[in-house]
Number of protein chains: 2
Amino acid sequence: MGDGVRIQAIERAIMIMNCFTDEEPELRLQEICDRLDLNKSTAHGILNTLKHHGLMEQDPETQKYRLGLNLLVLGGKVLNRLDIRTVASPIIKDVCGKTDETVHLGILDGTEVVYIDKQESSQSMRLFTAIGTRYPAYCTGIGKAILAFLPIEDQAKRIPDQLNRFTANTLKDKREVMEHLKLVKQTGYAIDDEENMEGLRCVGAPIFNHTGKVVAAVSVAGPSIRMTKERLPMIADLLCESAEEISRRLGYKK
Amino acid sequence: MGDGVRIQAIERAIMIMNCFTDEEPELRLQEICDRLDLNKSTAHGILNTLKHHGLMEQDPETQKYRLGLNLLVLGGKVLNRLDIRTVASPIIKDVCGKTDETVHLGILDGTEVVYIDKQESSQSMRLFTAIGTRYPAYCTGIGKAILAFLPIEDQAKRIPDQLNRFTANTLKDKREVMEHLKLVKQTGYAIDDEENMEGLRCVGAPIFNHTGKVVAAVSVAGPSIRMTKERLPMIADLLCESAEEISRRLGYKK
DNA sequence: AACAGGGTTCTATAATATAGAACCATTTTA
DNA sequence: TAAAATGGTTCTATATTATAGAACCCTGTT
């Protein structure tokens, strides 16, 4: 299996675009032909094609060519695919559609998790949150999913020494949390079993970037009467697949 | 004279790249073929070519395609060509080489002009400035070159009601300055005839952006003994040409 | 006026992009 | 489990088109 077929005309277009630099943002047809040893007529056709699609511009006065603004548009799309929110948004919608529960995307800020995106359940009884809403990381599924995959030194810093007990289920102290996070790391996802709020259950799964670091998590949250112990595994599976897909798109490689 | 020749293969490559959006940053070969009504084999060759040059990436696990990082590089080149400092830098060097006087690039900030780039004369007696140096706009060639091309309402705001007299040549009051700016606008460049500093003369010429607004100016400054009345016209001509070239590269159209 | 430089248009054909088919791998379906 | 479907990759003959050479047009210089 060699390098595969390459279309000469397209390669030539790319090589022409690569002739332009910060030092030489504008070039003449003849200059391009000299550099690439291209026939003038051939190069002209290529430049005209690029020009037609906004990937090249030609100054009407000087007739010099320069790279076109549509390259900014294409470059911006590359940038946006690297932005986690953009990457996760369609996936969050998909998970919400399949579970009909509220799906969040969250990141860690200090000892708290912050929701940076969400897709809400269509059911009347559901968790009310706003983007920007914060909760302590240690008692939420989404927060724990991030904490579990942090380096140990970082973990300790992100869990307060004194925990607030929000419910009877809230984990008791820092030591218990850190033991629990070991389990989460093994399972690959975290469950908030009414630890943050009575009557609410949540599953959270971690998202990794291209360097292998955990950078966010995605979660499904809903009333305990709907988020039953029987239903949780299915949701957890779906969520893990979805988190993996987001991670993959961020350049994560196992 | 129609639209000129367009190379089909290259058009197809561009159309493939344009299939990718923020909502759908990744696509399958089959999806691309369906959208563009392309033969699978043809599209494969095109994608492989783009891939080889970094304009496309393919995820080894899922085999989905996505836009490649080299589009960021090309987009960055477009951005940089729109950045005034980058654009002006080689031209400033060129002017300095031809005049062997200190050349500045300056922008307006409030009522002051700020130097944002420079190229210094090689002669031992020369104007000492640093990037970031500020002077009142109304008594410098570079400042006046900008003021003169501002809308009238803006002009008034950029000239203090009370002027400092730096030298015997400093213009006397706001009214005199605004009259003088009318002349500058007609001439197309401004001269500081020892108004800011005794023994120093300076010529300034305006730079316009793609919207037609004056955004900066470029200047040649030197000791009066070298910047003689006889020499000024030559310097002014060179400077105006250079300012026009910078403007043109910023997308300015007369 | 002639020439040079530089972009644009035109056209015949050499070259190659293309499409169809086969192949390979993985996933889905019965 | 086997067969079918899906989806990417490779191969090849040829239809199509990208290509190169030449002519044309415009501007600037000698």
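Predicted, not measured: the structure shown is a model, and the values here were computed from it. Note on naming: letters A, B, ... go to the chains in the order of the sequence lines (proteins, then strands), and numbering restarts at 1 for each one.
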For the side chain of B:Q8, counting heavy atoms from C-beta on, which of D:dG8, C:dT18, D:dT9 is nearest? C:dT18
Name the nucleic acid region contacted by A:L29, choosing base, sugar-phosphate or nothing; use a 4.0 angstrom heavy-atom cut-off, strictly under. base
Does A:Y65 make a side-chain N or O approach to OP1 or OP2 of C:dG6 shorter than 4.0 Å? no
Report the residue (A:V5 or B:I7) whose heavy-atom-nearest nucleotide on DNA chain D is the more 5′ of the two. A:V5
Partner set under ring-ring contact (aromatic ring centres under 6.0 Å, His included) for B:F20, not counting sequence neighbours: none
Would you mind reading off the distance between B:E11 atom CD and C:dT18 atom P, rounded to a whole angstrom? 11 Å
Rounded to the nearest Å, what distance is computed from the CG atom of residue B:L36 to the P atom of nucleotide C:dA19? 12 Å
Over how many whole Å does the gap from A:I32 atom CD1 to C:dT8 atom P extend? 11 Å
Between C:dT18, D:dG7, C:dG20, which one does the side chain of B:S41 approach most closely? C:dG20
How long is the line joining NZ of B:K51 and P of D:dG8, in whole Å? 11 Å
Could you tell me the separation between the CG atom of B:L38 and the C1' atom of C:dT18, rounded to a whole number of Å? 10 Å
Between B:S122 and B:D100, do the side chains contain a donor N or O and an acceptor N or O under 3.5 Å apart? yes
Would you mind reading off the distance between A:I10 atom CD1 and C:dA15 atom P, rounded to a whole angstrom? 20 Å
Below 4.5 Å, heavy atoms only, C-beta onward: do B:I92 and B:K118 meet side chain to side chain? no
Sorted by chain and number, sequence neighbours left out, side chain to side chain donor-acceptor pair (under 3.5 Å) with B:Y189 holds for none
A:K51 with A:E57: basic N within carboxylate O range, under 4.0 Å: no
Nearest to side-chain heavy atoms of B:N39, which nucleotide of C:dT18, D:dA20, C:dG20: C:dG20
Length of the line joining A:E26:CD and C:dG6:C1', which is rounded to integer Å: 15 Å
Among D:dG7, C:dT8, C:dG7, which nucleotide has an atom closest to any side-chain atom of B:R28? D:dG7
Does A:R6 or A:K40 map to a spot on DNA chain C nearer the 5' end, using the closest nucleotide for each? A:K40
Under 4.0 Å between a side-chain N/O of A:H44 and OP1 or OP2 of C:dT8, yes or no? yes
Taking for each residue the nucleotide of DNA chain C bearing the nearest heavy atom, is the 5' side occupied by A:Q63 or by A:A9? A:Q63
Would you mind telling me which of C:dG7, C:dT18, D:dT19 lies closest to the side-chain atoms of B:I46? C:dT18
Donor-acceptor side-chain pairing of B:D94 and B:S242 below 3.5 angstrom: no
Sugar-phosphate only, base, or nothing, as touched by B:Q58 at under 4.0 Å among non-hydrogen atoms: sugar-phosphate
Between C1' of D:dC26 and CD of A:Q30, the distance in whole Å: 16 Å
B:R12 side chain near C:dT18 phosphate (N/O to OP1/OP2, under 4.0 Å): yes
